[in-house]
Number of protein chains: 2
Amino acid sequence: MATIRDLARQCGVSVATISRVFNNPEVVNAETRDNVLRVAARIGYQPNESARTLATKKSYMVGLIWDTDHRRPGWRHPFFQEIIIGLKTALSERGYHLLMLATSDDEGSHLRAAKRHNLDGVVFIDNGTQDPALTQLAESDVPCVSLDRPITGPRTTYVISDNAGGARIAVNHLYEQGRRSIATIAGPGRTRPGIERLDGYRDALAALGLPERSHHVVEGDFYLAGGHAAMRRLLELDERPDAVFAAGDEMAIGAIRAITEAGLKVPEDIAVVGFDDIELAALVQPGLTTVAQDKGGFGTAAATALIAMIDTPATGSPPPSVLPTSLVIRGTTSTLPRTSP
Amino acid sequence: MATIRDLARQCGVSVATISRVFNNPEVVNAETRDNVLRVAARIGYQPNESARTLATKKSYMVGLIWDTDHRRPGWRHPFFQEIIIGLKTALSERGYHLLMLATSDDEGSHLRAAKRHNLDGVVFIDNGTQDPALTQLAESDVPCVSLDRPITGPRTTYVISDNAGGARIAVNHLYEQGRRSIATIAGPGRTRPGIERLDGYRDALAALGLPERSHHVVEGDFYLAGGHAAMRRLLELDERPDAVFAAGDEMAIGAIRAITEAGLKVPEDIAVVGFDDIELAALVQPGLTTVAQDKGGFGTAAATALIAMIDTPATGSPPPSVLPTSLVIRGTTSTLPRTSP
DNA sequence: CTGAAAGCGCTTACAG
DNA sequence: CTGAAAGCGCTTACAG
């Protein structure tokens, strides 16, 4: 590997000039600059990032904390792949790379890992726990962006979907389809999306003048089995709902299965709306009507917020990004002719 | 951040001794060592990775090249998430981190990016193209592991599933279920898995003494729509098959849809076996019998091969890893009572 | 077992 | 616009 010294020698200039050509080109004489660039290309010179980071304290690397512990199945969510890609793409447009941190790096101290590697920022995907290592990181001076979980700190913000708004859209849609007995399979009460989607459901019912029946609210776990179990409980009610808003697509699919097993039809007997718009939603039959989250938007918003904090040291914490959701209407709420794939 | 100099001062030793405590502990006096460790913990010292990398040329970082270009939908494959997690996990157990490289970093020269960042190795996920930047990297002295695509170089190896073996298992299983007219929806002929799975299908037919009918082989694209279209062609044949081996789960699901639309039943009229065992395979109804790939195994095998090359400079290219596949029997080939989720 | 010193490849005031 | 020099925080022969 050619070093800055080699290049300087070949160009007959000092290493300082070489450095300027790459970091502050407008300050060097055009002719010298062009020559340096030409020679650099010829001998394949490129600055060593470690040396650069050591000198500048800037690594152009953003850490990603993504807890993939087997014991917590949350990471299986098909969203993460799209979120990470969105993040990676948005970051790399600004010249940053993504460093995936080992889960229990440095005795679980993510902050230490961030310092060791001179990370310019960190983004973390909610792991559903109140991990003290994440809190410590959020409270530090390292720019942080949290996905899907509100968390605060001097240079910390978060990105989240408009969960309540999405839930309202879902309920309103069911109402427009003529449904008047709308139940919900909620997410776990300890998760932010679980809470907010339930709030939105309640708000929508109230706004529509529909009574809220406590037995029409059952809690699931965001997974298929939980949705299935929750639906069975709803089916046992005397006052059977004619529609269900499930706070997650997997639960919605579990619910549909329970409905079908009970000999009822979707959407004729019970209409179903999910939340997320996972790939599967379009593939099941009938297709699942659902509230789509802007997966790519998570990555873009996170990258934007992070880079704002990185580039402007004076910036404290930008306001959280609340991503709009949108309704995707498919077969589970509408009896229009089904389309072929 | 405390530096090695601070720590040395507080311990009353030289920086060389501090360095040894962390890199070569057995060579320093036990008492001194314990004291250094104690003080280090107290003041929160930890070595700066950039400085360390600059001095040693070893970054403990492995690059991941994962082409997520929108124009190529291949990256949507739900496998990648599991593969990446397996890789990350296996790597971090050995102290390595994963750096996700921007797709078109440095004018597409991944080799340059690897050099700049002092990467110890690189793994790349097949993007389905003959990317010259990948070839260049494979031919360099940088340890490389390719996933799902054979590629060679002085310090390059790859990990791939036993595609032909998996295809044979699938066909044999259909045979055991009494099927004698077994068609296949093959993967694209330009992809390695596509070719190998077709070979396995042919081998199995020959071994079973079944005739191979050319019109029973149709090519798909690994996606649902392709599987659907391919199946429609098979259904138009005079000699309709009683079983189909689809070289990918999404194609299998597309095929099932086509069969259902034609008013036929799975598995009664036509049994179906897929390949991959994506999450969806267990969620569709009836469940999809399929040849499971060892997703986690990709990551583990890649990490093992890479670290062997990194740790032993004398090592050339380890032999490729061929991961065993296994049959997962579900409803599309068996009419046993369906289980609830 | 330990220390002084050189070196890794950059950047950046400071002079000119 | 350019160069000499110090410095970023480590590691590692080389002596002792």
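Just so it is clear, the structure is predicted and the values come from calculations on it, not from any experiment. Residue numbering restarts at 1 for every chain, and letters A, B, ... go by the order of the sequence lines.
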field: Base-pair map of DNA chain D as dot-bracket, where | denotes pairing with a different strand and pairs are Watson-Crick or G-U under 3.5 Å
entry: |||.||||||||.|||

Side chain to side chain donor-acceptor pair (under 3.5 Å) with [X]: which residues, sequence neighbours excluded?
| X | answer |
| --- | --- |
| B:S146 | none |
| B:R192 | B:E196 |
| A:D141 | A:K115 |
| A:Y158 | none |

- request: Answer yes or no: does a side-chain N or O of B:S50 lie under 4.0 Å from OP1 or OP2 of D:dG9?
  value: no

query: Does B:T32 place a side-chain N or O at less than 4.0 Å from the phosphate oxygens OP1/OP2 of C:dT2?
result: yes

side-chain contact (heavy atoms from CB on, under 4.5 Å) with [X]: which residues, sequence neighbours excluded?
| X | answer |
| --- | --- |
| A:S19 | A:I4, A:N23 |
| A:T53 | A:S59, A:N118, B:S50 |
| A:A51 | A:N48, B:L54 |
| B:A2 | B:D6, B:I43, B:Y45 |

statement: Expected list for residues 5-12 of chain B near DNA chain D, using heavy atoms below 4.0 Å, is none

Going by atom type alone, with no hydrogens or angles, which donor-acceptor pairs under 3.5 Å involve a side-chain atom of residues 9-16 of chain B and a protein atom two or more places apart or on another chain?
residue, atom, partner, partner atom, Å
B:S14, OG, B:A16, N, 3.3
B:S14, OG, B:T17, N, 3.3
B:S14, OG, B:T17, OG1, 3.4

Tabulate protein N/O versus nucleotide N/O from nucleotides 12-16 of chain C, keeping only pairs under 3.5 Å, one per line.
residue, atom, partner, partner atom, Å
C:dA13, N6, A:R20, NH2, 3.2

